[in-house]
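This is the structure I want to talk about, given as structure tokens.
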There are 2 protein chains.
Amino acid sequence: MATKTDTDLLYEKAISRCGLRFTSQRRCVFDVLLNKRDHPTATEVFRRAKSRISSISLATVYNCLETLVECGLARQVHIDREPTRYCPNLLEHGHFVCSVCGEVWDIEVPSGGGAGMPYRLPEDATVISADVTLHGLCPRCNAGKN
Amino acid sequence: MATKTDTDLLYEKAISRCGLRFTSQRRCVFDVLLNKRDHPTATEVFRRAKSRISSISLATVYNCLETLVECGLARQVHIDREPTRYCPNLLEHGHFVCSVCGEVWDIEVPSGGGAGMPYRLPEDATVISADVTLHGLCPRCNAGKN
DNA sequence: CTAGGTGCAAAAGGTTTGCGGTTAA
DNA sequence: TTAACCGCAAACCTTTTGCACCTAG
């Protein structure tokens with residue numbers, strides 16, 4: 001295997017903490033995810049990974065992505081019922097999806113007050129996590145309308 | 001066909017406005033959805049509809065649900081990548097999903113300020129709609145923990 | 001060395017579609 | 001009457017799984 005990068009060391013540490021192995025496929029998939037943070041689907045990650053490891057299989061990409069999620073190094077992003085996307089941004093955040101170009105942007109959520117605070121809940125409910133996805137026109141596509 | 005109810009008239013009006021036909025299957029599916037507002041999946045709607053029209057098919061239920069959505073009488077609810085659920089609540093609202101019992105509750109969103117206002121967007125973006133799903137413990141399951 | 005990971009192919013599960021027969025308007 | 005709709009079955013697409021071989025530790 002080639003020299004380990006800082007990214008590799010981060011991943012290797014996280015993955016061994018989970019009692020898992022640091023394989024070249026996992027390294028590749030993680031690198032693909034960090035390299036271009038555009039919320040790719042598993043199929044897109046597969047396409048990019050295959051250009052580096054031509055023998056890699058789609059099932060392995062799914063497995064590696066699941067491993068990344070398990071290790072806490074990535075999160076799944078669900079937009080309607082479209083194919084699952086993957087996001088290496090570990091901070092609490094939501095997503096903005098452009099209805100024209102389809103691009104996905106990370107958006108900030110209010111830091112104080114906890115998840116979902118702007119919403120009125122049934123009494124005595126406890127919120128664990130919040131999934132927020134906004135649909136609309138991104139700056140680029142908005143500009144194109146003028 | 002049996003006597004038309006108020007619900008039927010509402011649906012018939014909406015459906016003819018869309019240039020579509022008021023069939024017994026569509027009537028049945030809409031009625032099932034309004035009858036128990038528990039965010040059923042297409043399969044569950046199929047099960048309930050079949051108890052009234054035994055010959056109805058799953059594909060027809062999917063088609064009827066799609067028609068309802070097109071006519072603006074129901075909305076799809078996406079929770080992660082679970083099967084799509086259907087909701088006849090037309091007001092702007094989000095969903096709270098209990099991690100224990102799986103029940104889905106409608107939750108209010110802030111009325112003033114528009115969709116997604118608590119979130120910091122990329123500049124010059126326009127929000128069209130907001131999907132908000134909170135995960136946590138519902139009052140009933142929360143109480144069971146004590 | 002060996003438990004865990006990979007590649008392949010097949011299966012699973014939700015949803016959509018094509019087609020011949022049926023029906024609301 | 002006839003275009004739209006229904007039921008059925010097959011197709012579709014994403015994701016998961018079983019299995020024989022391989023490899024990191």
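Proteins get letters first, then strands, A, B, ... in listed order; numbering begins at 1 in each.
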Self-check item: Salt bridge present between B:Glu12 and B:Arg27 (N-O < 4.0 angstrom)
Solution: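 Looking at B:Glu12 and B:Arg27, the cut-off is not met.
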
Self-check item: Atom-pair distance (CZ on A:Phe46; P on D:dT14), nearest Å
Solution: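 It works out to 13 Å between those atoms.
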
Quiz item: Between A:Asp80 (side chain) and A:Glu82 (backbone), is there a donor-acceptor pair under 3.5 Å?
Solution: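 No.
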
Quiz item: Could you state the CG-P distance from A:Leu65 to D:dT16, rounded to the nearest angstrom?
Solution: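 Spelled out: CG on A:Leu65 to P on D:dT16 is 10 Å.
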
Self-check item: For atom CD of A:Glu70 and atom C1' of C:dG5, their distance in whole Å
Solution: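 Atom-to-atom, A:Glu70 to C:dG5, this comes out as 13 Å.
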
Quiz item: C:dA24 C1' sits how many Å from B:Glu12 CD, rounded?
Solution: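 So the CD-C1' distance, B:Glu12 to C:dA24, works out to 10 Å.
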
Practice problem: Give a yes/no on whether any side-chain N or O of B:Thr84 is located under 4.0 angstrom from OP1 or OP2 of C:dT15. | Solution: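 Yes, such a contact exists.
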
Self-check item: Whole angstrom value for the distance that separates C1' of C:dT6 from CZ of A:Arg27
Solution: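 Going from A:Arg27 (CZ) to C:dT6 (C1'), I get 17 Å.
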
Taking only distance into account, with no hydrogens and no angle test, what donor-acceptor pairs under 3.5 Å do side-chain atoms of residues 55-62 of chain A form with protein atoms, sequence neighbours excluded?
residue: A:Ser57; atom: OG; partner: A:Thr60; partner atom: N; Å: 3.2
residue: A:Ser57; atom: OG; partner: A:Thr60; partner atom: OG1; Å: 3.0

Self-check item: Under 3.5 Å donor-acceptor, A:Asn142 side chain and A:Pro139 backbone
Solution: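 Side chain of A:Asn142 to backbone of A:Pro139: no pair is present.
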
Quiz item: For the pair made of CD1 in B:Ile15 and P in C:dT23, what is the distance, rounded to whole Å?
Solution: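 Nearest whole value for this atom pair: 17 Å.
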
Exercise. Spell out protein contact along nucleotides 2-7 of chain D as letters: B when the base is contacted, S when just the sugar-phosphate is, - when no protein heavy atom is under 4.0 Å; keep the 5' to 3' order.
Key: -BBSSB

Quiz prompt | Whole-Å gap separating C1' (C:dC8) and OH (A:Tyr62) | solution =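 A:Tyr62 atom OH is separated from C:dC8 atom C1' by 16 Å.
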
Quiz item: So, for A:His78 and B:His78, is the gap between ring centers shorter than 6.0 Å?
Solution: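 No, the ring of A:His78 stays outside the 6.0 Å limit from the ring of B:His78, centre to centre.
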
Practice problem: Might you point out which heavy atoms bring B:Ala74 and B:Leu90 nearest each other, and give the distance in Å? | Solution: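 Residues B:Ala74 and B:Leu90, closest heavy atoms: N-CD2, 3.8 Å.
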
Practice problem: Between B:Arg81 and B:Lys50, name the one whose nearest nucleotide on DNA chain D is closer to the 5' end. | Solution: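 Per heavy-atom nearest nucleotide, the more 5' residue is B:Lys50.
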
Quiz prompt | Whole-Å gap separating C1' (C:dT6) and CD (A:Glu66) | solution =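 Atom CD in A:Glu66 sits about 14 Å away from atom C1' in C:dT6.
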
